[in-house]
J.: 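Submitted below is the structure of interest, expressed as structure tokens.
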Amino acid sequence: MTKARVSVLIVGKGHAFDHNAFMAMFEDMPDIVTTFVEQPAAQVVLAAAADSAAYDSVLFYDMCGIPGAGLTHDGADESGQPPAAYRRAIESLIEGGTGIVMLNHATVSWPNWPLWRHISGTSFMLRKGLLKGIEVPGSGYRGGHGPLPNATIRLRAMIDHAVLTGLEEGFEITDELYLKTAAFEGDVLPLMRAEYEFVAEHFTAPPLAPPEEQRRWNHPRGSDLLVWANACGNSPVIASDLGDGPSAFANRGFRVLLGNALTWTASAAARTWARGRKAPLGQH
């Protein structure tokens with residue numbers, strides 16, 4: 001029996017990356033067919049895709065909706081809210097149960113749009129603010145945006161899960177890291193943790209925070225959870241802090257993780273799992 005191919009829409013722009021190195025990852029994935037589109041055209045494509053179920057999974061690798069960041073490609077208003085048509089497209093996408101994978105800076109997108117945080121499940125903060133009604137500091141960076149280089153870490157699998165097939169022994173990777181609070185862990189399914197000390201002295205202040213906040217920045221010990229599963233609406237979601245640059249793109253373990261994530265989020269089993277976990281979306 002011929003194995004069904006997974007049709008994936010990749011959404012990019014808003015954060016510089018090595019396009020060729022990124023797309024080379026999918027050469028290792030013969031059962032995955034990709035279509036790459038940039039913002040703002042992605043908003044039109046996603047609106048059509050949500051209505052037609054043209055894609056099995058959407059891989060978000062864009063960075064949008066951040067006030068003051070000079071991002072003019074996303075149609076966001078001054079408060080960082082998305083255009084109404086894009087809001088409806090994403091709502092239709094999750095209502096229909098399309099699989100979603102978010103890598104690295106995509107979890108940072110639309111920080112003032114509650115639905116986006118609901119989808120990603122992350123506790124990442126671009127600057128200090130309220131998270132679940134509690135004020136938390138902005139998240140720290142290691143590599144990518146500051147003077148500290150990317151860190152080499154070892155990831156370990158937490159559970160037996162389809163996304164971790166072939167990764168049961170974990171893997172080592174050099175990549176950008178975020179220092180974020182553990183506030184999100186109770187709402188998501190932990191998949192992979194890092195063997196690393198997530199403490200402020202290993203990170204730099206959030207680069208988009210106001211200068212005074214950067215000067216005074218400190219952060220309590222953070223979460224070591226870097227890869228997790230989440231559910232939003234009827235959509236299964238895999239989110240990963242990893243995936244910043246070529247060293248990650250070329251990493252065999254990361255390629256296996258990404259391929260598994262796209263395949264699983266596209267599956268009927270994943271959609272069934274998501275429907276069983278979903279919580280009311282509330283106001284978004």
Side-chain angles (χ1 to χ4, degrees), residues 11-17 37-47 58-91 93-94 100 102-147 176-181 183-184 200 203-219 222 230 232 237 239-241 243-244 281-284:
V11 178
K13 204 168 183 179
H15 188 293
F17 67 97
V37 63
E38 291 189 334
Q39 297 282 13
Q43 299 184 19
V44 177
V45 175
L46 279 165
V58 179
L59 170 57
F60 287 98
Y61 199 58
D62 58 331
M63 190 172 178
C64 297
I66 300 175
L71 305 179
T72 59
H73 62 276
D74 49 38
D77 63 22
E78 292 182 357
S79 68
Q81 297 297 316
Y86 191 48
R87 181 192 299 269
R88 289 193 297 270
I90 297 299
E91 290 172 345
L93 198 74
I94 60 176
I100 294 173
M102 292 181 170
L103 299 182
N104 193 251
H105 49 261
T107 66
V108 180
S109 279
W110 305 107
N112 297 335
W113 183 18
L115 178 58
W116 199 259
R117 188 174 295 276
H118 191 109
I119 295 170
S120 72
T122 190
S123 62
F124 187 98
M125 300 287 285
L126 285 166
R127 56 179 297 178
K128 69 178 179 181
L130 294 179
L131 183 66
K132 297 184 178 180
I134 299 173
E135 185 170 272
V136 297
S139 298
Y141 282 77
R142 171 94 198 200
H145 295 271
E176 180 183 63
L177 300 179
Y178 301 146
L179 180 63
K180 59 190 190 300
T181 74
F184 76 113
F203 292 81
T204 56
L208 295 181
E212 182 62 21
E213 181 182 338
Q214 291 191 42
R215 284 193 295 270
R216 296 176 176 271
W217 180 80
N218 198 3
H219 198 290
N230 193 29
C232 186
V237 181
S240 167
D241 284 351
D244 180 62
L281 293 181
Q283 292 300 114
H284 54 263

J.: Show your working on ring pair (Phe, Tyr, Trp, His ring centres under 6.0 Å) between Tyr141 and Phe203 and close with a plain yes or no.
T.: CA-CA 5 Å; Tyr141 282 77; Phe203 292 81; 9.0 Å; no

J.: Kindly give the heavy-atom pair with the smallest separation between Lys132 and Ala183, and that separation in Å.
T.: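 The pair with the smallest heavy-atom distance is NZ-O, 3.1 Å.
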
J.: Show your working on side chain to side chain contact (heavy atoms under 4.5 Å, CB included) between Gln214 and Thr204 and close with a plain yes or no.
T.: CA-CA 9 Å; Gln214 291 191 42; Thr204 56; over 6 Å; no

J.: Which heavy atom of Pro137 sits nearest a heavy atom of Asn218, and at what distance?
T.: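 Closest pair (atom of Pro137, atom of Asn218, distance): CB-O, 3.5 Å.
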
J.: Aromatic ring centroids of Trp116 and Phe60 under 6.0 Å?
T.: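 Ring centres of Phe60 and Trp116 closer than 6.0 Å.
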
J.: About how many Å separate CG of Leu93 and CD1 of Ile119, when rounded to the nearest 0.5 Å?
T.: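 Nearest 0.5 Å value for the CD1-CG distance: 7.5 Å.
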
J.: With side chain to side chain donor-acceptor pair (under 3.5 Å) as the test, pick out the partner of Tyr178 among Asn104, Asp244, Thr122.
T.: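 Among the candidates, only Asn104 passes.
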
J.: Going from CG on Leu179 to CZ on Arg142, what distance comes out if it is rounded to the nearest 0.5 angstrom?
T.: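 Between Leu179 CG and Arg142 CZ, I get 11.5 Å after rounding to 0.5 Å.
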
J.: In terms of side-chain geometry, is the basic nitrogen of Glu91 or Arg88 positioned less than 4.0 Å from the acidic oxygen of its partner?
T.: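 Answer for the salt bridge query: no.
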
J.: Between Cys64 and Ser109, which heavy-atom pair has the shortest distance, and what is it?
T.: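 Heavy atoms only, the tightest pair is N-OG, 2.9 Å.
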
J.: Verify, without hydrogens or angle tests, whether Glu78 (side chain) and Pro67 (backbone) share a donor-acceptor contact under 3.5 angstrom.
T.: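 No.
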
J.: When rounded to the nearest 0.5 angstrom, what distance separates CD in Glu213 from CG in Leu126?
T.: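 Separation between the atoms: 10.0 Å.
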
J.: Any donor-acceptor pair under 3.5 Å linking the side chain of Asn230 with the backbone of His118?
T.: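 Present.
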
J.: Got a donor-acceptor contact below 3.5 angstrom from the Glu135 side chain to the Lys128 backbone?
T.: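 Not a single qualifying donor-acceptor pair exists.
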
J.: Could you measure the distance from the CG atom of Asp241 to the NE2 atom of His105? Nearest 0.5 Å is fine.
T.: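 Asp241 CG to His105 NE2: 12.0 Å, rounded to 0.5 Å.
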
J.: For residues Ala47 and Ala89, report the shortest heavy-atom separation together with the two atoms involved.
T.: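 Ala47 and Ala89 have their closest heavy atoms at CA-CB, 3.7 Å.
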
J.: Judged by atom type as modelled, is there a donor-acceptor pair below 3.5 Å linking the side chain of Ser139 to the main-chain atoms of Lys180?
T.: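 No: the side chain of Ser139 does not pair with the backbone of Lys180.
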
J.: Nearest 0.5 Å, what's the SG-CD1 distance between Cys232 and Ile100?
T.: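 One finds 7.0 Å between SG of Cys232 and CD1 of Ile100.
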
J.: Could you check whether any side-chain N or O of Trp217 sits under 3.5 Å from a backbone N or O of Gly138, counting only pairs where one atom can act as donor and the other as acceptor?
T.: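 Yes; at least one donor-acceptor contact below 3.5 Å.
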
J.: What are the two closest heavy atoms between Gly65 and Asp74, and how far apart are they?
T.: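 The pair with the smallest heavy-atom distance is N-OD2, 2.8 Å.
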
J.: Without swapping roles, check the side chain of Tyr61 against the backbone of Gly243 for a donor-acceptor pair under 3.5 Å.
T.: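 Checking the backbone N and O of Gly243 against the side chain of Tyr61, a donor-acceptor pair under 3.5 Å is found.
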
J.: Side chains of Pro206 and Met125, heavy atoms from C-beta outward: is any pair under 4.5 Å?
T.: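 Sidechains of Met125 and Pro206: no contact.
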
J.: Give a yes or no on this: more than 12 heavy atoms of other residues, nucleotides or ligands lie within 6.0 Å of atom CD of Glu212.
T.: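 Atom CD in Glu212 is crowded, with more than 12 foreign heavy atoms closer than 6.0 Å.
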
J.: Measure across Pro111 and Arg117 and return the closest heavy-atom pair with its distance rounded to 0.1 Å.
T.: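 Pro111 and Arg117 have their closest heavy atoms at O-NH2, 4.3 Å.
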
J.: Using the side chain to side chain donor-acceptor pair (under 3.5 Å) definition, which of the options Lys13, Gln39, His15 pairs with Asp62?
T.: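 When side chain to side chain donor-acceptor pair (under 3.5 Å) is applied between Asp62 and each of Lys13, Gln39, His15, only Gln39 qualifies.
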
